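Since the model is a prediction, treat every value here as computed from it, not as a measurement. In this chain, residues are counted from 1 in sequence order.
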Amino acid sequence: MPQPHLRTVVVLAAGEGKRMKSALPKVLHPLLGRTLLGHVLTAAAPLAADRTVVVVGHGAEQVRAHLTEIAPDATPVLQAQQLGTGHAVRIALEAVPEASGTVVVINGDVPLLRAETVAALVAAHEGEGAAATVLAAEVPDPTGLGRIVRDAAGRLEQIVEERDATPAQRALREINAGIYAFDAVRLRDALGKLSTDNDQGEEYLTDVFGLLVSAGEPVGVHVAADHVETLGCNDRVELAGLRRLLRDRTNEAWMRTGVTILDPDTTWIDVTATVERDAVIDQNTQLRGTTVVGEQAVVGPDVTLIDTVVGAAATVLRSHAVGAEVGPGASVGPYAYLRPAARLAEKSKVGTFVEVKNSEVGPGAKVPHLSYVGDATIGAKANIGAATIFVNYDGVNKHRTVVGEAAFIGCDTSLIAPVEVGAGAYVAAGSAISQDVPPGALGVTRAPQRSIEGWVARKRAGTVSAAAAERALAEGASAGGPVAREGEAIHGDAETVGRPSAAGDTATE
Ligand code: UD1
Ligand code: MG
């Protein structure tokens with residue numbers, strides 16, 4: 001004998017959502033970190049149901065695949081034809097013949113529903129021993145929704161759909177939220193008696209209430225404290241409205257835990273993200289997915305973080321990060337792009353127009369400007385000069401570069417992987433390094449400079465440059481440095497080219 005299910009959750013998600021005008025089934029549209037369906041399943045999760053059944057139909061394969069990801073324990077049940085909400089629940093219960101006790105039914109398109117509200121509905125229902133209890137709400141605009149019709153004593157008489165309602169019923173502003181608790185046995189019995197005698201020719205779940213009332217069964221109405229929770233989503237305008245409401249709810253909750261949000265209207269935090277106290281979120285910032293922002297970190301303005309962890313007291317300014325880790329006290333941006341597995345250790349710096357992918361930037365190391373760092377390990381306190389490129393891809397394979405502790409890479413350097421620059425080594429600006437540089441050595445591949453005197457006067461006569469040069473030469477100015485005549489090479493020595501002050505001139509802090 002299978003154990004009886006004392007609590008079963010049924011989520012209705014077979015409808016097409018015609019007004020979304022989308023190739024994506026309505027319940028799979030995303031809303032700040034979860035799909036509509038994901039939000040509903042999260043609200044139902046604390047009920048600890050023995051079984052959760054999701055009725056799928058339109059886009060069934062996509063919905064099933066999504067369920068495998070977000071709720072592998074849920075059972076999808078196919079409703080091949082959408083013959084109404086009553087029909088959908090009937091099919092769901094056929095898949096769980098052992099269900100007894102309470103059946104909670106939730107429309108798949110009410111994403112703002114809170115777990116506390118579902119729990120309160122179920123507690124009221126079970127506490128009163130009702131045959132059925134509906135979640136109701138007083139709304140400013142009930143257009144399109146089913147109305148709660150009460151008798152003179154205030155008891156539920158029936159739920160009537162707007163299209164089947166009398167003008168007097170349409171004037172009612174108390175609506176059916178599409179969330180219910182039922183006694184399994186009496187629900188099954190009533191579902192077997194549903195007719196399709198209504199404007200849409202469908203089996204309405206809502207008719208169960210009228211049937212139970214006629215049979216003298218006790219039914220209840222649980223009124224939601226905040227009608228916003230019961231808002232459904234039928235088109236993309238409503239979806240955008242729900243997104244704003246959820247944004248405000250989420251921001252308010254974070255502010256109450258001690259997070260500063262400078263501009264809540266332009267701060268979009270997924271319900272799956274976390275922000276620790278005394279973090280400051282500046283305007284136009286999105287925190288998405290599993291992002292975590294640590295204590296006292298400053299994020300924004302103009303930042304998008306996806307599945308990214310920002311350590312305590314780090315700063316991230318005008319940047320985009322996906323799957324990255326920013327260590328405590330590290331500094332990112334403005335205008336940085338951190339890609340998956342970019343790991344910035346504590347107090348490191350990734351500055352302006354810098355892209356980092358699958359790389360460790362060591363503690364206190366700096367990549368301040370205009371660089372690409374891919375597949376690299378950069379040691380503690382290393383300094384990567386402006387316009388350094390980690391050349392990681394040979395057209396077929398990716399290779400790693402290792403830069404040792406406190407190494408110093410001059411500007412405009414290519415580090416051609418696989419290659420290693422040892423601890424404390426220097427690389428002269430403008431080098432293309434394809435062989436390992438031993439610790440403490442200077443790596444340099446730069447051709448010596450030569451300056452060909454009088455070249456502009458001869459080859460660019462009549463230009464503003466030629467005129468400026470002529471004036472400067474007349475004043476006796478000289479740039480100094482080695483000078484050659486045309487065709488004559490200067491052989492500078494590597495000690496001079498790479499002397500620390502020369503590299504220092506061109507590397508930047
Ligand atoms: C339903 C209620 C209405 C309530 C409103 C709240 C009925 C008859 N009416 O109306 O009283 O005010 O919700 O939003 O129940 N679905 C299926 N299979 C079907 C039909 C629908 O799975 O055959 C699913 C839909 O995907 C959706 C949910 O059931 O998630 C509700 O269906 P929908 O067509 O949106 O019902 P409403 O007209 O909004
Ligand atoms: Mg609806």
Side-chain angles (χ1 to χ4, degrees), residues 4-13 39-55 74-75 77 85-86 88-93 95-96 98-137 145-150 154-159 174-194 203-213 215-227 229-230 232:
H5 291 154
L6 296 181
R7 266 191 197 161
T8 305
V9 167
V10 176
V11 176
L12 304 186
H39 282 289
V40 167
L41 288 170
T42 304
L47 294 177
D50 301 281
R51 193 97 170 256
T52 298
V53 177
V54 178
V55 181
T75 310
V77 170
T85 48
V89 175
R90 196 147 62 77
I91 286 189
L93 291 189
V96 280
E98 66 280 28
S100 63
T102 304
V103 176
V104 180
V105 177
I106 310 181
N107 282 359
D109 63 351
V110 281
L112 300 192
L113 182 65
R114 285 181 202 261
E116 296 87 328
T117 304
V118 188
L121 167 75
V122 172
H125 170 80
E126 290 176 353
E128 286 162 26
T133 307
V134 57
L135 185 71
L145 295 167
R147 307 296 203 278
I148 303 292
V149 181
R150 296 175 184 258
R155 285 182 304 245
L156 179 71
E157 233 170 31
Q158 58 167 325
I159 301 172
E174 190 179 24
I175 58 90
N176 164 25
I179 297 140
Y180 325 80
F182 296 100
D183 169 65
V185 174
R186 287 177 280 187
L187 173 61
R188 266 186 220 282
D189 181 56
L191 286 172
K193 297 177 184 157
L194 288 179
E203 288 178 39
Y204 286 168
L205 177 61
T206 44
D207 284 350
V208 163
F209 284 83
L211 287 168
L212 290 171
V213 170
E217 296 283 2
V219 299
V221 180
H222 183 77
V223 182
D226 179 5
H227 78 86
E229 284 187 49
T230 68

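Judged by distance alone, with hydrogens and angles left aside, the side-chain atoms of Asn176 form no donor-acceptor pair with the main-chain N or O of Arg147 at under 3.5 Å. In terms of modelled atom types and a separation under 3.5 Å, the side chain of Glu229 and the main chain of Arg114 share a donor-acceptor contact. Under the 3.5 Å distance criterion, the side-chain polar atoms of Thr85 are matched with a main-chain donor or acceptor of Leu205. Between the side chain of Arg188 and the backbone N or O of Leu93 there is at least one donor-acceptor pair closer than 3.5 Å.
Expressed to the nearest 0.5 Å, how far NE2 of His227 lies from CG of Leu112 amounts to 11.0 Å. Interatomic distance, Leu121 CG to His125 NE2, rounded to the nearest 0.5 Å: 8.0 Å. Note that CD of Glu203 and CD1 of Ile91 are 8.5 Å apart. Values are rounded to the nearest 0.5 Å. Note that OH of Tyr180 is 11.0 Å distant from CG of Leu187, once rounded to the nearest 0.5 Å. Note: Ile179 CD1 to Thr117 OG1 = 8.5 Å, rounded to the nearest 0.5 Å. Here the CG atom belonging to Leu145 is positioned 7.5 Å from the OG1 atom belonging to Thr230, to the nearest 0.5 angstrom.
Applying the side-chain hydrogen bond (donor to acceptor under 3.5 Å, both in side chains) rule to His222 yields no partners; only residues at least two apart in sequence or on another chain are considered. Scanning for side-chain hydrogen bond (donor to acceptor under 3.5 Å, both in side chains) contacts around Asp207 gives an empty result, with sequence neighbours left out.
In terms of heavy atoms, Val221 sits closest to Ala136 at CG1-CB, 3.5 Å.
Arg7 has a carboxylate O that lies under 4.0 Å from a charged side-chain N of Glu126, or vice versa, which qualifies the two as a salt bridge. Taking a cutoff of 4.0 Å between a charged side-chain nitrogen and a carboxylate oxygen, Arg186 and Asp183 qualify as a salt bridge.
Residues Val54 and Leu41 form a side-chain contact, since some pair of their non-hydrogen atoms from C-beta on lies under 4.5 Å apart. For the pair Val110/Val40, a side-chain contact is recorded, criterion being any heavy-atom separation below 4.5 Å from C-beta on. Annotation: side chain of Leu12 is in contact with side chain of Val89 (closest heavy-atom distance under 4.5 Å). Contact of the Val122 side chain with the Leu47 side chain is registered, since non-hydrogen atoms from C-beta on lie closer than 4.5 Å.
Glu128 and Thr133 form no side-chain donor-acceptor contact under 3.5 Å, judged by distance and modelled atom types alone.
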Steps toward ring pair (Phe, Tyr, Trp, His ring centres under 6.0 Å) verdict (Phe209, Tyr204)
CA-CA 10 Å; Phe209 284 83; Tyr204 286 168; over 10 Å; no

